[in-house]
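Count residues from 1 along the sequence. Any value given below was found using the heavy atoms of this structure, including those in side chains, with hydrogens, waters and symmetry copies removed.
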Amino acid sequence: ALASKLYTTTDNNEIALDAKLDFGAKIVSHDKDTEDESRYVIEFSGKPTSIPEQAFFQKRTLQSITLPEGITAINKGAFYYCSELTSVNLPSTLTALEYMAFNGCKKLNEISLPNGLCRIGEHAFSDCGIENIVIPGSVREIEEGAFGSCFKLKSVTIEEGVEYISKSMFSTCINLTDITIPSTITS
């Protein structure tokens with residue numbers, strides 16, 4: 001069975017996926033359901049469980065993407081410096097965001113982290129445009145610099161259940177003025 005997911009680009013052109021990654025994904029023209037020529041469909045053969053390392057590395061025209069249910073991990077640098085990325089819909093099945101997963105996505109102003117997410121890797125959102133973030137209580141591990149250099153970040157809510165945060169997870173977030181830390185933090 002094929003699962004189709006949509007993405008948009010800033011220049012209305014397809015994104016070429018690196019054939020050597022072969023994670024069961026391919027681009028199949030415009031979104032025929034809506035006849036929107038600025039939206040493309042990525043078909044996933046089978047049921048992928050992760051987005052591989054550097055899958056969308058520096059795809060500078062990628063504007064939005066919806067990831068399918070069943071994805072549990074977004075690996076190292078998967079969306080590294082997708083500088084035009086403004087919208088990401090993460091699946092409820094996601095448990096891990098790895099090293100530099102969304103690093104450098106400067107136009108990514110908001111993202112909703114799913115309940116069930118357990119790990120936010122080192123520099124996962126560094127140098128992003130995120131303004132507010134809610135970290136679900138299911139998160140057990142937040143690595144160094146996870147939100148470092150997010151210069152637009154103003155507000156952070158860490159939900160009850162999170163026990164550990166790294167000392168530099170918000171390094172150089174110069175506009176961070178509001179942070180809610182739960183009583184469950186032990187270190």
Side-chain angles (χ1 to χ4, degrees), residues 4-23 25-31 34 36-44 48 50-68 71 73-91 94 96-114 117 119-135 142-156 166 168-176:
S4 299
K5 293 300 161 190
L6 304 176
Y7 73 94
T8 59
T9 63
T10 56
D11 62 1
N12 295 335
N13 289 318
E14 285 186 23
I15 291 176
L17 296 177
D18 191 338
K20 71 181 179 196
L21 294 174
D22 191 22
F23 60 106
K26 68 177 183 173
I27 308 297
V28 290
S29 76
H30 297 297
D31 179 11
T34 64
D36 183 347
E37 292 192 5
S38 69
R39 293 179 70 127
Y40 291 86
V41 174
I42 298 175
E43 280 189 352
F44 294 90
S50 69
I51 302 298
E53 184 175 318
Q54 298 184 348
F56 296 92
F57 181 81
Q58 294 184 343
K59 300 297 184 193
R60 291 194 165 102
T61 60
L62 181 63
Q63 190 172 29
S64 69
I65 191 162
T66 298
L67 298 175
I71 298 288
I74 298 176
N75 288 309
K76 178 181 175 182
F79 293 92
Y80 181 84
Y81 273 89
C82 290
S83 55
E84 295 297 318
L85 189 62
T86 59
S87 173
V88 177
N89 292 313
L90 299 174
L94 187 68
L97 287 163
E98 298 298 345
Y99 177 72
M100 293 185 154
F102 289 96
N103 184 287
C105 296
K106 294 178 183 293
K107 291 188 178 180
L108 186 60
N109 294 331
E110 62 181 312
I111 192 162
S112 179
L113 301 177
L117 181 67
R119 172 180 161 69
I120 301 174
E122 189 175 343
H123 301 288
F125 292 101
S126 286
D127 202 19
C128 283
I130 295 172
E131 297 174 9
N132 305 293
I133 192 75
V134 175
I135 298 171
I142 305 172
E143 296 282 327
E144 299 291 317
F147 296 91
S149 300
C150 288
F151 300 120
K152 294 180 179 181
L153 187 61
K154 297 175 189 166
S155 173
V156 174
S166 71
S168 68
M169 69 184 275
F170 299 113
S171 63
T172 65
C173 292
I174 57 175
N175 289 306
L176 182 57

- Query: Quick one: does F125's side chain get under 4.5 Å of I111's, heavy atoms only?
  - Reply: yes

- Query: Counting only heavy atoms not in E144, do more than 12 sit closer than 6.0 Å to its CD atom?
  - Reply: yes

- If you take all heavy atoms of T172 and G148, which pair is closest and at what distance? OG1-C, 4.4 Å

- Query: So do the side chains of L117 and L90 get within less than 4.5 Å of each other, counting heavy atoms only?
  - Reply: no

- Item | Check: Y81 and N103 side chains under 4.5 Å, non-hydrogen atoms | yes

- Message: Looking at every heavy atom in both E143 and R119, which two are closest together, and how far apart are they?
- Response: OE2-NH1, 3.1 Å

- Task: Hey, could you give me the NZ/CD distance between K152 and E110, rounded to the nearest 0.5 Å?
- Result: 12.0 Å

- Output for pair (L176 CG, I133 CD1), nearest 0.5 Å, gives 12.0 Å

- Query: Quick one: CZ on F79 to CD1 on I65, what's the gap to the nearest 0.5 Å?
  - Reply: 4.5 Å

- I130 to N132 - nearest heavy-atom pair and separation: CG2-O, 3.4 Å

- Task: Could you tell me which non-hydrogen atom of G145 sits nearest to which non-hydrogen atom of S166, and how far apart they are?
- Result: N-OG, 4.2 Å

- Which atom pair, heavy atoms only, marks the closest approach of G104 to C128? N-SG, 4.3 Å

- Message: Quiz question: by atom type and distance under 3.5 Å, do the side chains of S126 and S149 form a donor-acceptor pair?
- Response: no

- Query: Considering only heavy atoms from C-beta outward, does the side chain of T61 approach that of E84 to under 4.5 Å?
  - Reply: no

- Can you tell if the side chain of M169 reaches within under 4.5 Å of the side chain of I135, non-hydrogen atoms only? yes

- Separation between CZ (F56) and CZ (F102), nearest 0.5 Å, reads 10.0 Å

- Please confirm whether the backbone N or O of F151 pairs with a side-chain atom of N175, one donor and one acceptor, at under 3.5 Å? yes

- CD1 of I174 to SG of C150, rounded to nearest 0.5 Å, is 11.5 Å

- Mind checking whether L67 and L94 have side chains closer than 4.5 Å, heavy atoms only? no

- Message: What's the separation between atom SG in C82 and atom NZ in K106, rounded to the nearest 0.5 Å?
- Response: 13.0 Å

- What are the two closest heavy atoms between L153 and F147, and how far apart are they? CD2-CB, 4.3 Å

